[in-house]
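Data block below; observations after.
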Protein chains: 2
Amino acid sequence: MSKKEIIHLYKKIIEDLKSLIEKGDYKKGDLLPSENELCKKYETTRVTIRQALSALANMGYITRKHGKGSIVSEPKSGLGILSLSGVTANIGDRKLTTTILQKPIKKAWPDDFFFDLGEDELAAGCIFFSRLRYINNTPVLYEETHISNVDLPHFSSRTLENKSLFKILKEHYKIEVKEGEQKIWAIHADKNISHLLNIKTSHPIVHMKRRLQTNNKGVRIYSSLYCNTEENFLQDSF
Amino acid sequence: MSKKEIIHLYKKIIEDLKSLIEKGDYKKGDLLPSENELCKKYETTRVTIRQALSALANMGYITRKHGKGSIVSEPKSGLGILSLSGVTANIGDRKLTTTILQKPIKKAWPDDFFFDLGEDELAAGCIFFSRLRYINNTPVLYEETHISNVDLPHFSSRTLENKSLFKILKEHYKIEVKEGEQKIWAIHADKNISHLLNIKTSHPIVHMKRRLQTNNKGVRIYSSLYCNTEENFLQDSF
DNA sequence: AAGTTTTACTTGTATATACAAGTAAAATGC
DNA sequence: GCATTTTACTTGTATATACAAGTAAAACTT
């Protein structure tokens, strides 16, 4: 018996509008069609349209203005997830590349793991991998990631080089990051980090540990990252 | 003619439930009254109750579970606003004190101000103050704050020592932080910072610049902070 | 006693409707 | 020409209702 995946109307409207915004059909500052126009288009009533629009507003895609309409917002990095920006405002002309130092492997959690783990999580072990990110061929950010070991078919063989981890989790496994916390230190680069990032050991480095919760309660993402902020900085919006 | 401040029902419900949660009448894990019970209590219908509950869910006060109810969440530091935590889990037995180095004064924006300012904002000038925060009598965090110069009566004379800036803005001026962005660097302490935080100039320091938007579109808060993360760290949840 | 079904409750999705209130441009009056 | 009023549109708040679907405990069956 196939589980019929009924797709709810308000969710379809959300996806439709979101993709139109992401595609660029609606740009920053544009007005979306009015609630009544959307009612006609989707053959529904304002309550349902408003359910979709208020979700989009909460996700930061639009802002709503009483008496005027739904105004498309500036694209956001979203959810406070950290992104990497250069001191130059324009990121378009800078080349961001990634190399995988450790391909995803199953292993036990490290004994000295910084965040507290649940019993189930501890017993199941984790998937570990590490990446080094370059801006214009200069290594800038080293990141070690641990993911709770749940069933993620073919995850190990996926190419993490060019695609965002978050995109892969969303597209292939329907896993989305919901919330999280991060802890931040400034440290001196140790021997290992200074070698990886090609800097002196006395160089100041941002060290950050993050725990991200997802919509799949079994899946949590832990990452520990080291960033050389001499010519770049870490940026976060919320 | 006095502008009658009609208070909307769904907003009253939000405030009621929020304060019951904040007071501790409902604790983490508790179930709120069901939607139908709330309908009776407030003499309204489920659509209005659900409007309030979904707002509370978005604010992180509750999570909703299909077929079960509205579950009260863990109190959050909220909105990704940075807080200061020690390496010891228990913050209760550590003494956090603040001294004001520069009392709030009106002044022009610095010429080299890091964030872009709107024309109105630039013309109006700003309120500036700086604070130094201690944990167990050790200086740990130095913060310079600029607020858009709008009408905040008696702000300069308020005591910023013991109360959170956010609390003052909320309680006295109904200004709440909505969203923001932050940029993070690791740097070596310069002469000024090393003197303030009582450390060597070579010491690594977290430098962070934040811009916070509020529900009052004229009011933005800019802060630049320097933190010694040798025995403490900066923590952020979102 | 153990597994299954029923029941009573919960939240989720949706339709249909009404009036209030903000916005901006067109129509009006002087 | 310029200020005011009207109008047509927008989103905001609210009521009333219906059925779908998840949850958990009670009732029933074997």
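Values in this document were obtained by computation on a predicted structure and should not be read as measured data. Naming: A, B, ... by sequence-line order, numbering from 1 per chain.
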Output the rounded distance in Å from NZ (A/Lys68) to P (C/dG22). 16 Å

B/Leu9 CG to D/dG12 P: how many Å, rounded? 17 Å

To the nearest Å, give me how far apart CD (B/Gln51) and C1' (D/dA14) are. 8 Å

Against the side chain of B/Val47, the closest entry in C/dA21, C/dG12, D/dA16 is D/dA16

Between B/Gly67 and A/Asn36, who's closer to the 5' end of DNA chain D by nearest nucleotide? A/Asn36

Counting only side-chain nitrogens and oxygens, does B/Thr48 get under 4.0 Å of the OP1 or OP2 atom of D/dT13? no

Mind checking A/Leu53 for me? I need base, sugar-phosphate or nothing, with any heavy atom below 4.0 Å counting as a touch. nothing

Starting at atom CZ of A/Arg50, determine the distance to atom C1' of D/dT13, rounded to an integer number of angstrom. 8 Å

In whole angstroms, how far is the C1' atom of D/dA14 from the OH atom of B/Tyr10? 11 Å

Quick one: label A/Thr45 by what it contacts on the DNA or RNA (base, sugar-phosphate, nothing), any heavy atom closer than 4.0 Å. base

Of the candidate nucleotides D/dT11, D/dA20, D/dT13, which contains the atom at the shortest distance from the side chain of B/His66? D/dA20

Any side-chain to backbone donor/acceptor pair from B/Ser148 onto B/Arg220? Under 3.5 Å, distance only. yes

If I take atom CD in residue B/Glu37 and atom C1' in nucleotide C/dT11, what distance separates them, rounded to the nearest angstrom? 13 Å

Reported OG1-to-NZ distance for the pair B/Thr63 and B/Lys68, which is rounded to 0.5 angstrom: 9.5 Å

Length of the CZ-P vector between B/Arg46 and D/dA20, whole Å: 14 Å

A/Ser224 and its side-chain hydrogen bond (donor to acceptor under 3.5 Å, both in side chains) partner, picked from A/Lys209, A/Glu144, A/His207: A/His207

Flag the pair A/Lys18 and A/Glu15 as a salt bridge only when some basic side-chain nitrogen lies within less than 4.0 angstrom of an acidic carboxylate oxygen. yes

5'-most contact on DNA chain C (nearest-nucleotide basis), A/Glu43 vs B/Arg64, goes to B/Arg64

Write down the distance between CD1 (A/Ile71) and P (D/dT11), rounded to a whole number of angstrom. 10 Å

Below the 4.0 Å mark, does D/dT23 have OP1 or OP2 next to a side-chain nitrogen or oxygen of B/Lys65? yes

Nearest to the side chain of B/Ser34, heavy atoms from C-beta on, is which of D/dT11, C/dA14, C/dT10? C/dT10

Can you tell me how far the CG atom of B/Leu165 sits from the CD1 atom of B/Ile147, to the nearest 0.5 Å? 5.0 Å

Please work out if A/His8 contacts a base, only the sugar-phosphate, or nothing of the nucleic acid, heavy-atom cut-off 4.0 Å. sugar-phosphate

